[in-house]
Undergrad: 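Pasting a structure below so you can have a look.
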Amino acid sequence: MSVAAQPILLMPKLTRKNAVDAYGRRMNYLRISLTDRCNFRCVYCMPATGMVFQPRDELLSDEELLRLIRIFAKSGFTKIRLTGGEPTIRPHLVDLVRAIKSTPGIEELSMTTNGLLLSRIAYDLKAAGLDRVNLSFDTLDPDKFKLMTRGGRLDLVWQGLEAAQDAGLTPIKINAVVLRGHNEHEVVDLAALTLDRPWQMRFLEIMPMEGVGEVFDERMVTSDETKARLEHQFGALIPVSEKPGDPAVVWKIAGSQGEIGFISPVSQPFCATCNRVRLAADGKLRLCLLREDEIDLRDVMRSGADDATLQRLVLGGVWRKPWGHGIAEGDVHTGRGMSQIGG
Ligand code: SAM
């Protein structure tokens, strides 16, 4: 639904304990950026130069993060995804995963990673309670991969993917951002991975985040175009029934083991069913990926606030979550890049 078609605001409920916004959307999914740093520099995520990373003491410590997670869990959040930056470079990740998964109320814990370091820690992460991973890679061509990540090695990522599969961090989903002039023709090879593997290959439209506006303007490929390319190769895709809260529209190639998802924030926004907010690595609660409105939980916590005060901030923040990101209307003020907010 477009921003122009947003519904009328409901009256606030004064005694709510579960996070719900003024449009009646229930929030139960928290994406947490564990760090703003990354070991890749993907062309759709970060500018080539000029990235400034936050000093460590500005980021939430493990104790602060776990305290906030308990408060989110008390506010009705049941699903957590760890992301970044690159979550696998966060120190003590396995211990953090164990502590998060044992938080009362947290039912599902997943992670989005570029996979580079995954072969070393996949089994430990699984044993600590991580349920599954999404991996991000945009091509099967090692040279193009190096170009799109500005230096990454696909063979190591592939080892990470196999380790995740062996460790049972499944079902595995793979994210690829489709960019004209980079990988729009590679989508056929990527989709072919699902023929004999139980993976979900997801094709993403690039979003105009801070620092990559030009890439968006010059290279955005719509999901319709990608789907047409796949159908030209594989024949008509077969629809797979929708899962509530999943931003992907899911299809499959006839006879394949895996699935194909299209995530289309630009051409087919899914704001009406949004169930998520984001906690940036510096403790800012980001209400919508592409809107600047944030609530500083870190500074309030560091100034001695009790849990009840923090919970009021979380619930009040969720209440004022913007209706939609407004990309289609050209209404974009991101302020921070994807790696800083947590994709
Ligand atoms: N480093 C991890 C990774 O590569 O998966 C996690 C962080 S990354 C920001 C999370 C996801 O955001 C990746 O799947 C990436 O493809 C996606 N992403 C990054 N920038 C994007 C953009 N401008 N538009 C759409 N998706 C983007």
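Throughout, numbering of the chain's residues begins at 1 and tracks the sequence. What you are looking at is a predicted structure, and each value in this text was computed from that prediction instead of being measured. Atoms within each ligand, like the ligands themselves, are counted from 1 in listed order.
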Undergrad: Below the 3.5 angstrom mark, is there an N/O of Met207, backbone or side chain, next to an N/O of ligand 1?
TA: yes
Undergrad: Check each heavy atom of Thr113 against ligand 1 and say whether those closer than 4.0 Å belong to the side chain, the backbone, both or neither.
TA: backbone
Undergrad: How does Leu204 reach ligand 1, by side chain, by backbone, by both or by neither, if only non-hydrogen atoms under 4.0 Å count?
TA: side chain
Undergrad: Over all heavy atoms of both residues, which pair between Gln200 and Gly261 is shortest? Give the atoms and the distance, please.
TA: CG-N, 4.2 Å
Undergrad: Quick one: look at Ile206 and ligand 1, take heavy-atom pairs under 4.0 Å, and tell me if it's side chain, backbone, both or neither.
TA: both
Undergrad: Using non-hydrogen atoms of the residue, decide whether Gly115 is closer than 4.0 angstrom to ligand 1.
TA: no
Undergrad: Could you tell me the residue and atom name of the protein heavy atom closest to atom 15 (C) of ligand 1, and the distance to it rounded to 0.1 Å?
TA: Tyr44 CE1, 3.8 Å
Undergrad: Taking 4.0 angstrom as the limit and counting only heavy atoms of Met209, give me the atoms of ligand 1 inside it, by number and element.
TA: 23 (N)
Undergrad: With a 4.5 Å heavy-atom cut-off, do Arg153 and Leu156 have their side chains touching?
TA: yes
Undergrad: Give the atoms of ligand 1, by number and element, whose distance to some non-hydrogen atom of Asn175 is under 4.0 Å.
TA: 14 (O)
Undergrad: Donor-acceptor pair, Arg278 side chain versus Ala280 backbone, under 3.5 Å?
TA: no
Undergrad: Would you indicate which of Gly342, Ser136, Gly152 comes nearest to atom 13 (C) of ligand 1 when only heavy atoms are counted?
TA: Ser136
Undergrad: For Asn114, take its heavy atoms, then give the atoms of ligand 1 lying under 4.0 Å from any of them.
TA: 2 (C), 3 (C), 4 (O), 5 (O)
Undergrad: Counting only heavy atoms, tell me which of Thr112, Ile174, Thr149 gets closest to atom 11 (C) of ligand 1.
TA: Thr112
Undergrad: For Ile32, run the side-chain contact (heavy atoms from CB on, under 4.5 Å) check against Ile80, Leu60, Thr83, Leu68 and tell me which one passes.
TA: Ile80
Undergrad: Return the option from Gln340, Lys173, Met338 holding the heavy atom at the smallest distance from atom 18 (N) of ligand 1.
TA: Met338
Undergrad: Please report the shortest heavy-atom distance between Leu93 and Thr88, naming the atom on each side.
TA: CD2-CA, 3.7 Å
Undergrad: So which atom in Leu237 and which in Glu231 form the shortest heavy-atom distance, rounded to 0.1 Å?
TA: N-OE2, 2.7 Å
Undergrad: Is the positively charged end of Lys227 above the ring of Trp251, judged by distance under 6.0 angstrom from the centroid and angle within 45° of the axis?
TA: yes
Undergrad: Taking 4.0 Å as the limit for heavy-atom contacts, which would you say applies to Glu86 with ligand 1: side chain only, backbone only, both, or neither?
TA: both
Undergrad: Only one of Thr149, Leu147, Asp141 passes side-chain contact (heavy atoms from CB on, under 4.5 Å) with Phe145; say which it is.
TA: Thr149
Undergrad: My understanding is that only one of Arg298, Arg336, Gln340 makes a side chain to side chain donor-acceptor pair (under 3.5 Å) with Asp282; could you say which?
TA: Arg336
